[in-house]
Amino acid sequence: MAQAKILVFAGSIRTGALSQKLASLAAKELAILDAEPSLISLSDYPMPIYDGDLEAREGAPENARKLRRMLLAHRGVFIATPEYNASLPPLLKNTLDWISRAKEPLTDPFKGRFFAIGSTSNGRLGGYRALIALRQTLELGLGATVLPEQIAVSEAGQAFDENGGLKDMRQAGFLRASLTRLIAFAESEL
Ligand SMILES: Cc1cc2nc3c(=O)[nH]c(=O)nc-3n(C[C@H](O)[C@H](O)[C@H](O)COP(=O)(O)O)c2cc1C
C-alpha cells in the first residue's frame, strides 16, 4: 500500500516556537510509522490579514492558493497550535480563512481529508482551549473531519528532551495514538 501522505505545520512562526517543536516531532514520528510527512512552515506562506476589500480587488493571495493545492496533495493533516487568549492564534486563523476563500483549485481542500490537532503551552492546560477553538473552526466552519484523539502538551518549555522527543511517556503515547489513527484514516477508503 502507498504511504499515507500527511501535511504537518505549526500555527507559529516564532524562532524556537514550542508548537513548531511539536510539529517537528509529529513529522519525525509519522516517518517512523511509515507514513510520508511533509513538514512546512507558515513563514514560507505569508499573507495579509483577511480584508474583504482586498479580496474583491485582488482575489486571494497566491500563497493561499498554494496552500490549498498543498492540502489537496495530502490525505491527512497534523496541525500544532499555540494558545492565544484561550483561542487559536491569528496567524493560523487567518491562514485557514484565506485558504477557505481561495476558490482555486475549486475542489474543497477541507473535505475528504483527515485532521489531527495538537497544542503546546507553558501553562498546565497545554493550550487545550486553543484545540477546542481550532476544532470548531475546522469541523463547524470548514466541514473537515477532525479525529477525537488529540494532544495538549502542558509546561511545554520543559516537555521536550534534547532529541526533540516528549519526556513524559504518557504524552508521547497520546501523540503516537493520534498519529496512528491519522495514518489509518488517511489510508482508508472513506
Ligand atoms: C497574545 C498572546 C496571548 C496568549 N495567551 C495565552 C493563553 O491564553 N494561554 C496560554 O497557555 N498561553 C498564552 N500565551 C503564551 C503562548 O502560549 C506562548 O507565548 C507560546 O510560547 C507561543 O507559542 P509558540 O511557542 O508556538 O510560538 C499567549 C501569548 C500571546 C502572545
Side-chain angles (χ1 to χ4, degrees), residues 6-32 37-51 61 63-64 66-67 70-71 74 76-100 110 115-142 144 146-179 182:
I6 313 283
L7 184 64
V8 182
F9 62 91
S12 171
I13 54 173
R14 186 178 70 85
T15 306
L18 297 168
S19 52
Q20 190 61 56
K21 287 188 183 179
L22 180 59
S24 300
L25 176 59
K28 212 190 273 186
E29 289 273 315
L30 283 163
I32 291 168
S38 310
L39 178 63
I40 61 165
S41 168
L42 294 185
S43 62
D44 293 325
Y45 302 88
M47 288 176 229
I49 286 286
Y50 176 80
D51 168 0
N63 280 335
K66 275 190 190 161
L67 281 174
M70 186 79 81
L71 283 170
H74 295 78
V77 185
F78 181 85
I79 303 177
T81 185
E83 179 173 278
Y84 278 13
N85 293 319
S87 191
L88 69 164
L91 170 70
L92 182 53
K93 183 66 164 54
N94 191 53
T95 299
L96 294 172
D97 288 345
W98 268 126
I99 294 172
S100 75
F110 295 102
F115 288 74
I117 55 177
S119 61
T120 48
S121 155
N122 273 322
R124 289 247 192 91
L125 296 179
Y128 194 84
R129 296 167 302 178
L131 287 180
I132 295 171
L134 178 56
R135 184 177 290 280
Q136 173 171 321
T137 296
L138 289 170
E139 283 182 348
L140 301 184
L142 300 168
V146 185
L147 305 187
E149 291 83 0
Q150 59 184 25
I151 177 171
V153 182
S154 53
E155 291 159 11
Q158 283 80 48
F160 296 90
D161 63 25
E162 63 280 8
N163 298 317
L166 284 164
K167 291 182 198 163
D168 184 298
M169 294 315 286
R170 214 165 143 253
Q171 295 265 29
F174 284 139
L175 180 62
R176 185 60 73 101
S178 160
L179 298 176
L182 181 61

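Order of appearance sets the numbers: ligands from 1, and atoms from 1 within every ligand. Just so it is clear, the values below take in all heavy atoms, side chains as well, and ignore hydrogens, waters and symmetry mates.
H74 places none of its side-chain heavy atoms less than 4.5 Å from the side chain of V8.
Across all their heavy atoms, I40 and Y45 have their closest contact at CD1-CE1, 4.0 Å.
At distances below 3.5 Å, not a single donor-acceptor pair connects side-chain atoms of S87 with backbone N or O atoms of Y84. Panel note: side chain D161, backbone N163; a donor-acceptor pair is recorded below 3.5 Å. Here the side chain of R129 pairs no donor or acceptor atom with the backbone of N85 at under 3.5 angstrom. Put simply, the side chain of S119 gets close to the backbone of G126: a donor and an acceptor are under 3.5 Å apart.
Closer than 4.0 angstrom to ligand 1 by heavy atom are S12, R14, A17, L18, S19, P82, E83, Y84, N85, A86, S121, R129, sorted by chain and number.
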